[in-house]
Amino acid sequence: RLKPLTEILPKPLVPINNKPMLEHIIESLKYFNFNKFHLLLNHQAELIKSYFINNYKNLKINFIKEAKPLGTAGGIYFIDKKNSSSDLLIANCDTLFKIDYVKFFNFHKKNDNILTLAVSNMQHIFPYGFCKVNSKKLVSIKEKPKFNFIANTGLYFANKKITKIIPKNKRFEMTDLIKKCLSTGKKIGIYEIPESSWTDLGQLSDFKKVLGQ
């Protein structure tokens, strides 16, 4: 989605103001005293690993190279359970947040959730006339209606017990993990954040907005 930029660099190393987007994420987490990171890598893994080994010698980073793409949740299976914290923050490499992670974590723990999603109230303007029809007859039309919805921002706190329900060496997305938690009666919470507090950089159009282009 970020081509042609990703034809040269892997997405985590695409620069924003002369600093890779993943580095922006790590810096913001360091501010809140996160001190151990697990990077789940696949495409151009060695390049990403080399960058962070050379630039973050004093940071505890566990590099997990997937033999095949396992989805957002699939690689979490390989995190060292013995040496990791009781809770994990799960994030994508292409979304920037300006939130208080301590408040997010405290909410997660207070509610004893196995998984807590950061969500945001959003509004989407449908760019066309919205037609309501019945038996090929027009009933009504509304020009460019607005729809309100709650969006999953792609940021999660999870109790590390959740790794027990992730299959080994199988592609497993976060939606798969969430559905499995719901179907087995595990407690999932939502933590609401303002729309202005997060930016999805996965689309080239949004990426250019951040750069002011």
Side-chain donor or acceptor of [X] paired with backbone N/O of [Y] under 3.5 Å:
X	Y	value
Lys186	Lys180	no
His124	Asn148	no
Ser197	Ile193	no
Asn54	Ser50	yes

For residues [X] and [Y], report the shortest heavy-atom separation together with the two atoms involved.
X	Y	value
Cys181	Ile165	SG-CD1, 3.6 Å
Gly129	Glu143	CA-OE1, 3.6 Å
His108	Asn113	CE1-O, 3.1 Å
Asn42	Lys65	O-CE, 3.6 Å
Leu59	Asn35	CD1-O, 4.4 Å
Phe37	Leu29	CE2-CD1, 3.7 Å

Quick check: are there more than 12 heavy atoms from other residues, nucleotides or ligands sitting under 6.0 Å from [atom1] of [X]?
X	atom1	value
Asp112	CG	no
Ile190	CD1	no
Lys142	NZ	no
Lys36	NZ	yes
Phe149	CZ	yes
Lys179	NZ	no

Distance only, no hydrogens: is a donor on one side chain within 3.5 Å (strictly under) of an acceptor on the other, for [X] and [Y]?
X	Y	value
Tyr56	Glu27	yes
Ser120	Trp198	yes
Asn121	Glu192	yes
His38	Asn62	yes

Is any side-chain heavy atom of [Y] closer than 4.5 Å to one of [X]?
X	Y	value
Ile64	Leu41	no
Leu115	Asn159	no
Tyr101	Asn106	no
Glu66	Leu40	yes

Between [atom1] on residue [X] and [atom2] on residue [Y], distance to nearest 0.5 Å:
X	Y	atom1	atom2	value
Thr95	Asn92	OG1	CG	5.0 Å
Ile162	Ile90	CD1	CD1	6.0 Å
Ile61	Asn58	CD1	CG	10.5 Å
Ile166	Leu70	CD1	CG	10.5 Å
Leu39	Phe63	CG	CZ	5.5 Å
Ile26	Lys30	CD1	NZ	8.5 Å

One thing to verify: whether Asp87 and Lys109 come together as a salt bridge, which I'm taking to mean a side-chain N less than 4.0 angstrom from a carboxylate O. yes

Go through Ile188 and Leu182 one step at a time and tell me if the side-chain contact (heavy atoms from CB on, under 4.5 Å) criterion holds. CA-CA 8 Å; Ile188 300 178; Leu182 291 173; 3.9 Å; yes

Please answer: with hydrophobic residues joined when any side-chain heavy atoms are less than 4.5 Å apart, are [X] and [Y] in the same cluster?
X	Y	answer
Leu177	Val119	yes
Leu96	Tyr156	no
Met122	Phe97	yes
Phe104	Val102	yes
Tyr77	Ile178	yes

When the aromatic ring centroids of Tyr128 and Phe126 are compared, is their separation below 6.0 Å?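 Ring centres of Phe126 and Tyr128 closer than 6.0 Å.
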
In sequence, state the C-alpha distance, the side-chain angles, and the governing distance for Leu155 and Leu89, and then conclude on side-chain contact (heavy atoms from CB on, under 4.5 Å). CA-CA 7 Å; Leu155 185 70; Leu89 179 72; 3.9 Å; yes

Run the ring pair (Phe, Tyr, Trp, His ring centres under 6.0 Å) check on Phe107 and Phe105 step by step: do they pass? CA-CA 5 Å; Phe107 177 88; Phe105 175 71; over 10 Å; no

Walk me through it: do Glu173 and Arg171 pass the test salt bridge (Lys or Arg N to Asp or Glu O under 4.0 Å)? CA-CA 7 Å; Glu173 301 294 348; Arg171 190 173 185 95; 3.1 Å; yes

How far apart are the C-alpha atoms of Tyr51 and Leu13, what are their side-chain angles, what is the distance that settles it, and do they pass the side-chain contact (heavy atoms from CB on, under 4.5 Å) test? CA-CA 9 Å; Tyr51 179 88; Leu13 296 186; 4.0 Å; yes

